[in-house]
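Let me begin by presenting the structure, written as structure tokens, before commenting on it.
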Amino acid sequence: MSNRPIGVFDSGLGGLTAVKQLHSLMPCEDIIYFGDTGRVPYGNRSVETIKRYAAQDARFLLSHNVKMVIAACGTVSSTASNELNEMLNVPYINVIAPTAAAAAQATKNGKIGVIGTRATILSSAYKKALEKTDPSLKIFQRECPLFVPLVEEGFISPEDPIARLTVERYLKEFKDNGVDTIILGCTHYPILKPVIGEYVGMDVVLIDSGKETAKCAAAVLTENCLLNDHERSGECKFFVSDRTEGFSNIASIFLNSNIGENVSRVDIQKY
Ligand code: DGL
């Protein structure tokens, strides 16, 4: 048993989709969330920069005595996981393995699409994880850099022509090739599920990395006897590296609930 908080970080606020899933699976757990809003996006940056930022983010969480570090960010998970694994002295969870396992289990025809940021797709981390599970799987990969700004601008409705056209442009190849499962390999993409689902068809399974990662975190905490014994609802503390004004507006897109301005600013360069 451990009453220390779970640490979650992301390049920005998209990782709150994972916090939402963690809270619904383990409602009594306390969570420390760090969103690197001063340096987001990570998805177009070099591997060296992503690794350096990820190490600082993780060290910030360790300074809060977390019992586990979760990289909710697809870009960090696919690029910096070896380094994070080596540096951390608490369990480290990233989105790749649990999400790939769920996709391999869901597909019926063996054709899986993977979407993510440029860095995630360039790393081929999902492709490698899927092929390790089953070498006969056929993997289609596509970077979708416009999806992050679409979500942050709130262009997320299936009725929105800009959202529909962007989804069609990126996912046409998946549709033409009969992909039956798609990994939403970036924090922001679950918010576009309704638009993506309408375009690819409701029989295509959309795998949400935040949800699968939360399930994996719950399993690891249980196996290691690290769940807390609180009977109250868990508390979430939010930290960002840039302005805190307007945090609740964007956070509510990802959390689907209003958390107010309960957020503090951190100088992440110090970590
Ligand atoms: N959080 C990032 C991810 O999941 C998306 C935003 C960014 O590019 O930093 O890959």
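All values derive from a computational prediction rather than experimental measurement.
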Do the ring planes of [X] and [Y] sit parallel (below 30°), tilted (30 to 60°) or perpendicular (above 60°)?
| X | Y | answer |
| --- | --- | --- |
| Phe60 | Phe34 | tilted |
| His188 | Phe254 | perpendicular |
| Tyr170 | Phe147 | perpendicular |

Going by side chain to side chain donor-acceptor pair (under 3.5 Å), name the residues that satisfy it together with [X], two or more places apart in sequence or in a different chain.
| X | answer |
| --- | --- |
| Lys211 | none |
| Thr244 | none |
| Thr120 | Ser78, Thr117 |
| Tyr42 | Asp36, Asp57 |

Test of understanding: clusters of I, L, V, M, F, W, Y form through side-chain heavy atoms closer than 4.5 Å, transitively. Do [X] and [Y] belong to the same one?
| X | Y | result |
| --- | --- | --- |
| Leu165 | Leu150 | no |
| Ile31 | Val90 | no |
| Tyr53 | Phe9 | yes |
| Ile70 | Leu255 | yes |
| Val167 | Val151 | yes |

Does anything in residues 90-105 form a side chain to side chain donor-acceptor pair (under 3.5 Å)? List the pairs, not counting sequence neighbours. Ser81-Tyr92, Ser81-Asn94

Can you tell me which residue pairs pass the side chain to side chain donor-acceptor pair (under 3.5 Å) test with a partner in residues 9-21, sequence neighbours excluded? none

Taking every non-hydrogen atom, the tightest pair across [X] and [Y]:
| X | Y | value |
| --- | --- | --- |
| Ala163 | Ser157 | CB-O, 4.0 Å |
| Ala119 | Ile50 | CB-CD1, 3.7 Å |
| Val76 | Ala71 | CG1-CB, 4.0 Å |
| Ser209 | Val95 | CB-CB, 4.0 Å |
| Ala104 | Leu130 | N-CD2, 4.2 Å |
| Ala72 | Thr187 | O-CG2, 3.1 Å |

Answer with yes or no after comparing the ring centroid distance for Phe238 and Phe247 against a 6.0 Å cut-off, counting only values under it.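 Judged by ring-centre distance (under 6.0 Å), Phe238 and Phe247 do meet the cut-off.
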
State, with a plain yes or no, whether a side-chain heavy atom of [X] is found less than 4.5 Å away from one of [Y].
| X | Y | value |
| --- | --- | --- |
| His23 | Ser233 | yes |
| Val69 | Leu84 | no |
| Met1 | Leu226 | no |
| Leu171 | Ile196 | yes |

State whether the side chain of [X] and the backbone N or O of [Y] hold a donor-acceptor pair below 3.5 Å, judged by distance alone.
| X | Y | result |
| --- | --- | --- |
| Ser241 | Thr37 | yes |
| Asn224 | Val220 | yes |
| Tyr189 | Cys144 | yes |
| Thr49 | Arg45 | no |
| Ser124 | Lys127 | no |
| Ser123 | Thr79 | no |

To the nearest 0.5 Å, how far apart are [atom1] in [X] and [atom2] in [Y]?
| X | Y | atom1 | atom2 | answer |
| --- | --- | --- | --- | --- |
| Leu13 | Ile250 | CG | CD1 | 6.0 Å |
| Asn249 | Glu152 | CG | CD | 12.5 Å |
| Asp242 | Ile268 | CG | CD1 | 12.5 Å |
| Leu206 | Ile115 | CG | CD1 | 8.0 Å |
| Glu235 | Glu29 | CD | CD | 12.5 Å |
| Met26 | Thr222 | CE | OG1 | 7.5 Å |

Between the side chains of [Y] and [X], is the shortest nitrogen-to-carboxylate-oxygen separation below 4.0 Å, so that they form an ion pair?
| X | Y | result |
| --- | --- | --- |
| Lys67 | Asp30 | no |
| Glu131 | Lys128 | no |
| Arg164 | Glu159 | no |

Sequence-distant partners of [X], salt bridge (Lys or Arg N to Asp or Glu O under 4.0 Å), two or more places apart:
| X | result |
| --- | --- |
| Arg4 | none |
| Glu83 | Lys51 |
| Lys111 | none |
| Asp208 | none |

Can you give the donor-acceptor pairs under 3.5 Å from side chains of residues 177-185 to other protein atoms, not counting sequence neighbours?
from, atom 1, to, atom 2, distance (Å)
Asn177, ND2, Glu173, O, 2.8
Asp180, OD1, Thr107, OG1, 2.6
Asp180, OD2, Thr107, OG1, 3.4
Asp180, OD2, Lys108, N, 2.7
Asp180, OD2, Asn109, N, 3.0

Residue Lys175 excluded, over 12 heavy atoms near NZ under 6.0 Å: yes

Asp176: which residues meet the side chain to side chain contact (heavy atoms under 4.5 Å, CB included) condition with it, sequence neighbours left out?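 Expected list: Lys172.
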
Of Tyr33, Tyr271, Phe239, the residue whose pairing with His64 passes ring pair (Phe, Tyr, Trp, His ring centres under 6.0 Å): Phe239

Yes or no on side-chain contact (heavy atoms from CB on, under 4.5 Å) for Val266 and Val240, after CA distance, side-chain angles and deciding distance? CA-CA 6 Å; Val266 174; Val240 292; over 6 Å; no

Ile253 vs Ile191, side-chain contact (heavy atoms from CB on, under 4.5 Å): CA-CA, chis, key distance, verdict: CA-CA 8 Å; Ile253 298 181; Ile191 309 293; 4.1 Å; yes

Could you go through Cys186 and Val148, starting from their C-alpha distance and side-chain angles, then the distance that decides it, and tell me whether this counts as side-chain contact (heavy atoms from CB on, under 4.5 Å)? CA-CA 9 Å; Cys186 169; Val148 167; 3.9 Å; yes

Give the C-alpha distance, both sets of side-chain angles, the deciding distance and a yes or no for side-chain contact (heavy atoms from CB on, under 4.5 Å) between Ile207 and Glu212. CA-CA 8 Å; Ile207 309 282; Glu212 299 308 324; 3.8 Å; yes

